[in-house]
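Heavy-atom basis, side chains included; hydrogens, waters and symmetry copies ignored.
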Amino acid sequence: PWMLLALPSVSGGAMFLIYPYLADPLQHALGTAGAREIAEGVGSFLTVVGVIYALSIGFTFQQAFARQAELRQKLTAEAGSLRNLLLLSGTMRLGSAQEAVAGHLRSYVGQILDHEFPPEDAADPAPTLYQIVPVLNEVSSDGTADAVDRITLNAIHDELRTATRARSERISIAARHIPRIHWFQIELLSTLIMVGFLLLDLGAPLLEALLLGLTTAAIMVLYLSLFDLDYPIGGLWRVEPLGLQRRRKELGGS
């Protein structure tokens, strides 16, 4: 979190200090020094670019928040299916097999929480979850299962598919980042705004340097926020797997 304060402050202060070394040569080279009408024109240019910049940044933030909402939806579906698996298996006459089912669920949830939040290279936990199937099939084929158990077993298979599908979609959403061409668009607009401030000659160098420094700090805050939102699982502004954490507690995991 300290970066959210330190980097904008440092970048804004640095731009304030080096402003005279950047602005004076540029203004004299382009003939804008002391030219009030040109300064007014540059101000109009900054207004137009600023509107386009605001629209682009707003769209990017909206997409980032929408992706977080999708992730939360998939996590909720995944956690809900895992709970349904536990409840459905509890309605069958499993006997000692009930603990085996709970153990596989506990192991599966533990692998996800330990290796996917934040993501890291690890073995696919899906085989652990599907080890439930042989346990249930053995129970349903021993001659004691009735029609209700067979219906319940079909429902369990559906929940298994739902849970693994939700996990796959969650991983796909989390791996979706802001396109590089869109980053280039934001960088280009940021550069145009900075150059526009360097061209302004308001007759008050300290004020001009201060405006440039504050603008630099504001742009840096936007960049840091977007970079953080672009990694919704491992960033500071991240999606927490609360539903999966509750499942682990219910299953007796630490």
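Atom-to-atom distance recorded for Leu207:CG and Leu212:CG is 11.0 Å, nearest 0.5 angstrom. Separating the CG atom in Leu46 from the CE atom in Met194 is a distance of 11.0 Å, to the nearest 0.5 Å. Rounded to the nearest 0.5 Å, atoms CG (Leu75) and CD (Gln73) are 10.5 Å apart. Atom CD1 of Ile193 and atom CG of Leu189 lie 6.5 Å apart (nearest 0.5 Å). Taking CG of Leu82 as the reference point, atom CG of Leu87 lies at 11.0 Å (rounded to 0.5 Å). Rounding to the nearest 0.5 Å places CG of Leu188 at 10.0 Å from CD1 of Ile52.
Checking side-chain atoms of Arg248 against main-chain N and O of Val109 turns up no donor-acceptor pair under 3.5 Å.
Taking the side chain to side chain contact (heavy atoms under 4.5 Å, CB included) definition, one finds that His157 meets it with Val133, Asn137, Leu153, Leu160, Arg161, sequence neighbours left out. For Asp228, the side-chain hydrogen bond (donor to acceptor under 3.5 Å, both in side chains) criterion is met by no residue, not counting sequence neighbours. Applying the side chain to side chain contact (heavy atoms under 4.5 Å, CB included) criterion to Asp230, with sequence neighbours excluded, gives Arg67, His177, Ile178, Trp183. Listed by chain and residue number, Tyr53, Ile186, Ile219, Tyr223 satisfy the side chain to side chain contact (heavy atoms under 4.5 Å, CB included) test with Ser190 (two or more places apart in sequence, or in another chain). Remark: Gln63 engages no residue in a side-chain hydrogen bond (donor to acceptor under 3.5 Å, both in side chains) (not counting sequence neighbours). By the side-chain hydrogen bond (donor to acceptor under 3.5 Å, both in side chains) test, Gln111 pairs with Ser107, Thr128, sequence neighbours left out. In terms of the side-chain hydrogen bond (donor to acceptor under 3.5 Å, both in side chains) criterion, residue partners of Ser81 (sequence neighbours excluded) are, by chain and number, Glu159. Here Leu17 pairs with nothing under the side chain to side chain contact (heavy atoms under 4.5 Å, CB included) rule; sequence neighbours left out.
Across every non-hydrogen atom of Ala77 and Ala166, the tightest pair is CB-CB, 4.3 Å. Closest non-hydrogen pair, Pro118 versus Ile233, comes out as CA-CG2, 3.9 Å.
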Per-pair distances, 0.1 Å, donor-acceptor, side chain in residues 54-62, under 3.5 Å, sequence neighbours excluded:
{"unit_1": "Ser56", "atom_1": "OG", "unit_2": "Gln185", "atom_2": "NE2", "d": "3.1"}
{"unit_1": "Thr60", "atom_1": "OG1", "unit_2": "Ser56", "atom_2": "O", "d": "2.8"}
{"unit_1": "Thr60", "atom_1": "OG1", "unit_2": "His182", "atom_2": "NE2", "d": "2.4"}

Contacts under 3.5 angstrom, residues 234-241 side chains, donor-acceptor by atom type, not counting sequence neighbours:
{"unit_1": "Arg238", "atom_1": "NE", "unit_2": "Glu240", "atom_2": "OE2", "d": "3.0"}
{"unit_1": "Arg238", "atom_1": "NH1", "unit_2": "Gly235", "atom_2": "O", "d": "2.9"}

Distance-only donor-acceptor hits, side chain of residues 167-174, under 3.5 Å, sequence neighbours excluded:
{"unit_1": "Arg167", "atom_1": "NE", "unit_2": "Glu116", "atom_2": "OE2", "d": "2.9"}
{"unit_1": "Arg167", "atom_1": "NH1", "unit_2": "Asp124", "atom_2": "OD1", "d": "3.2"}
{"unit_1": "Arg167", "atom_1": "NH2", "unit_2": "Glu116", "atom_2": "OE2", "d": "2.7"}
{"unit_1": "Ser168", "atom_1": "OG", "unit_2": "Thr164", "atom_2": "O", "d": "3.0"}
{"unit_1": "Glu169", "atom_1": "OE1", "unit_2": "Lys74", "atom_2": "NZ", "d": "2.7"}
{"unit_1": "Arg170", "atom_1": "NE", "unit_2": "Glu78", "atom_2": "OE1", "d": "2.8"}
{"unit_1": "Arg170", "atom_1": "NH1", "unit_2": "Glu116", "atom_2": "OE1", "d": "3.1"}
{"unit_1": "Arg170", "atom_1": "NH2", "unit_2": "Glu78", "atom_2": "OE1", "d": "3.3"}
{"unit_1": "Arg170", "atom_1": "NH2", "unit_2": "Glu78", "atom_2": "OE2", "d": "3.3"}
{"unit_1": "Arg170", "atom_1": "NH2", "unit_2": "Glu116", "atom_2": "OE1", "d": "2.8"}

Practice problem: Might you work through the side chain to side chain contact (heavy atoms under 4.5 Å, CB included) test for Gln68 and Leu229, ending with a clear yes or no? | Solution: CA-CA 8 Å; Gln68 287 202 348; Leu229 285 170; 3.6 Å; yes
Quiz prompt | Stepwise side chain to side chain contact (heavy atoms under 4.5 Å, CB included) check, Met220 with Leu224 | solution = CA-CA 6 Å; Met220 185 60 68; Leu224 289 174; 4.3 Å; yes
Practice problem: Determine, stepwise, if the pair Asn84 / Thr162 fulfils side chain to side chain contact (heavy atoms under 4.5 Å, CB included). | Solution: CA-CA 10 Å; Asn84 291 340; Thr162 300; over 6 Å; no
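The side-chain heavy atoms of Arg247 and Glu250, taken from C-beta on, include a pair separated by under 4.5 Å. Inter-residue side-chain proximity for Ile132 and Tyr108 is flagged as unmet; no heavy-atom pair is nearer than 4.5 Å.
Cluster annotation: Leu226 is not connected to Tyr231 through the hydrophobic network of ILVMFWY side chains, with a link wherever side-chain heavy atoms come within less than 4.5 Å.
Its side chain outside the 4.5 Å cluster rule for every partner, Leu242 clusters with none of the Ile, Leu, Val, Met, Phe, Trp and Tyr residues.
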